[in-house]
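Labels below follow one simple rule: chain letters A, B, ... track the order of the sequence lines, proteins then strands, and each chain is numbered from 1.
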Amino acid sequence: MKVLNVQGICKRYDKFYLDDVSFSLDEGYIMGFIGSNGAGKTTTLKGILNVIHKDAGTVEIFGKNIDGNEIALKQDIAFMMGSSDYYPGRKLKTISSIVQRFYSNWNQEAYEGYLKRFKLDPEKKVKELSQGMRIKFALTLALSHNARFIILDEPTSGLDPVARDNLLELFQELVEKGDKSILFSTHITSDLEKCADYITYINNGRIIESTTKDDLLDKYRLVNGSEDDLNGMKEDMVSSKKNSFGFTGLIETVKLKPYKGINAEVPTLDDIMIYYAKKEEDNAQFNI
Amino acid sequence: MRGISISNKSNKPIYQQLFEQISSQILKGELESDFNLPAIRTAAKELRISIITVKKAWEKLERDGLIYSVAGKGCFISDLSNNELGNKRTNIIRKQMLKDLLFYKNLGISEDEIIKLVKELYSKVLSC
Amino acid sequence: MRSLIYKDFKLSINWFFFIIMPFLTGALFLIPQWPFFIALMYFFFITVPNVFATYNSQNDFGFAIMMPVSKNDIVKGKISSFIIIELIHLLTGAIFAFIHVKLYGIDNFMLDLNFAFFGIAFMMFALFNIVFFPIYFKSAYKYGIPTIAANVAAILFAAAVELLVLFNPVFRNFLEGRSPEMKVLQIIILIAGIGIFALFNFIAYKMSAKRFENIDL
C-alpha cells in the first residue's frame, strides 16, 4: 500500500519554483529526502501537509486525498518542522498537556518512554533546552500519538553524531513491524546511507531521482581518468571536474559501458548531489 | 551465527557483501540447517542497513538454494547434503574465478603464469 | 477548536491579560466624570499589541498548523479566544460600572454608565474586530497596521457618540433619558450592540479565514 502519493505539486514564489514534484512511498519504509539548501525540501513537505497553499498537484496519504480529509489524516501523521521553538517560556509538561488534547490516540506511555529515552526533564522550560534537546522534544511530541506516517524536516540537524545515530536506530525500530513509514529530509547524507530504503533527490525545485537507495547508487558511477579520456566522455557525463591529474566526474552506469578501462567507482550520495549541483552551475554559465 | 561486517566504503554493493558473508558461513557449515535467519526488518535494524538491501540478499540466498522461506515464520538455512554443499561451493568459486580470469586475461597474462602465481600465493595463504 | 482556545489561554496568552488587565481597566470605571470608553480602550492600546507580539515571538501559528486542525479552525479559535477576553473586559467593566453608580450615582458629564453605554461598547468592540482581523490575517504576523486601523475606527466611533451626547440633546435623551420608554430604548441598544458584535465577529471570521487559507506559513 502506498502511504504517500504526491503528484505534480507546483508552487511559485518570486525567486523559486517548485516544478511538478511527484513521488511516492510504500508503507513500512524509510525515505530520505535530500537536496542542497534551498532546493525545495521544506517547501515540498509543507505542500504535502497543506501548510502552504499549493498552486497545483494532489497529495494522497493512506490512499486518501489530503484536500478534504486533512484533519482526519493528520491524526495519523506525525509532523515535525525544525526544532521546537514554540513557547520558549513554557514548561515541557505544559506543552505536552496541550498537544495531547489534540490527538484522540495520544499514547502517554510512549510519551513518557521517549522523555526517558531522550533524557528530557518535563519540569524544564523550552528555553532552558539546548538545540539538540529541543529537537528531541519536538520528536517526542511528534511520535507520541501512534502516528503511522512520520514526516520530519531536518530531524538530525543540530544533533551530535551519537545522538544522530541513536535517532536513526529509533527510525529503524519504528518501521521494524512494517506498519509505520517515515519520510525525512536531511542534507547529512551519511544519515541515509545507514537507514534509508528509498531516496528522493530534489534539486532546484525539481525531483531528479526517487528510487531505492541501492538502485540510486547503482545507477551512477564516479569515474576518473586523463584529460584525453574526458574529451570523448564529456557529453555523456552529468558533470565533471578537472584537476592536475586529469578529471573526475559522474556518469550514469548505462552510459559507462563503451568506455572500457576507465576507473569507475560507486559514488556516495554526496557525490551525486555535488555533480548535479556542478551541472547546474555549468548550465548557468553556458546560458550567460 | 558469526558476525557480519558491512562497509559503506566498499565498492561492492551492500547486499552483495551480506550475501557473500552469509553464503560462506553456510557453505563452510558454520550455520546449521534449519537455523532461523533473523527477519528482514530486524536484520536491517540490527545491521543498520536498508530493508530493501536485506531483502535482496535474502532473495539471492533463496535463489541459490541456500535458504528457504516459510510464510509467516521467516527464512531458514536449507538442509543440504555434503555433496550438495560441495557443488554449490564449486559453483560459486567457478563464478568468481571466471571474473578474475577475465581480468588477468585483459592484463595479458598467460595460463602458465597464472597457475604459477596461484601456487605461489596459495602457499602463502596456507601459512597465514 | 476547543483545544485551540484552551491552548491560547494555557500557552499563548499571558494570564495577566485576561485576569489582571480586566480588573485594572475595570477599576478605571471608578473615576468620576469621565469618558468611560477610554477605560475599555486600554484593551486596544495595551493588550492587543502585547498579545499579538507574543504570538509572533512564541511561533504560535507555527505550532497550531502542526496540530490536526484546519486552517479555518485556527482562525476561528484565535478570534474566539480574543472575543472571550473582550467579554471578560466588558463583564468586569459592568461590575465596576455597577459599583460606580452605587458610589456616585448615575449622572456623568459624558455618557452615563447605563445599558446603552454597554450597547455602544459592544458596537465599538465589533467595529474594532471587523477592522482588525481581516487585515491581520493577511499575514497572521504583522499586527501593527491592523492595530492602528482598528484603533482609529474604534476611537472615531466612540468620540462621535460622546460628542453627540454632549452637543445633541435629542441624542442625549435617547441614550441617557430616565423615562421608562427611554430605558426600554437603552436596553434595546444593548441588545442591538450584542447583535452587531455577534454579526461583525462572524463576518470578520469569514473574511479572515479566506485570507488565512492563502497564507504560506
Checking side chain to side chain donor-acceptor pair (under 3.5 Å) between Gln172(A) and each of Lys45(B), Glu46(B), Arg48(B), which is the one that passes?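 Going through the options one by one, the only one that passes is Arg48(B).
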Atom group of [X] that falls short of 4.5 Å from chain B, counting heavy atoms:
| X | result |
| --- | --- |
| Asp197(A) | both |
| Lys213(A) | side chain |
| Asp218(A) | neither |
| Leu168(A) | both |

Any idea which of Asn106(B), Thr42(B), Ile40(B), Leu47(B) has the most non-hydrogen atom pairs under 4.5 angstrom with chain A?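 Highest number of heavy-atom pairs under 4.5 Å: Thr42(B).
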Which value, rounded to the nearest 0.5 Å, describes the distance between [X] atom [atom1] and [Y] atom [atom2]?
| X | Y | atom1 | atom2 | result |
| --- | --- | --- | --- | --- |
| Lys55(B) | Thr212(A) | NZ | OG1 | 11.0 Å |
| Asp215(A) | Ile52(B) | CG | CD1 | 8.0 Å |
| Leu217(A) | Ser50(B) | CG | OG | 10.0 Å |

Neighbour count above 12 (heavy atom, 6.0 Å) for [X] [atom1]:
| X | atom1 | answer |
| --- | --- | --- |
| Glu84(B) | CD | yes |
| Lys105(B) | NZ | no |
| Asn105(A) | CG | yes |

Below 4.5 Å from any heavy atom of chain A, which atoms of Lys12(B) appear? Answer side chain, backbone, both or neither.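 Neither part.
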Might you work through the side chain to side chain contact (heavy atoms under 4.5 Å, CB included) test for Val175(A) and Ile51(B), ending with a clear yes or no? CA-CA 9 Å; Val175(A) 299; Ile51(B) 296 163; 4.0 Å; yes
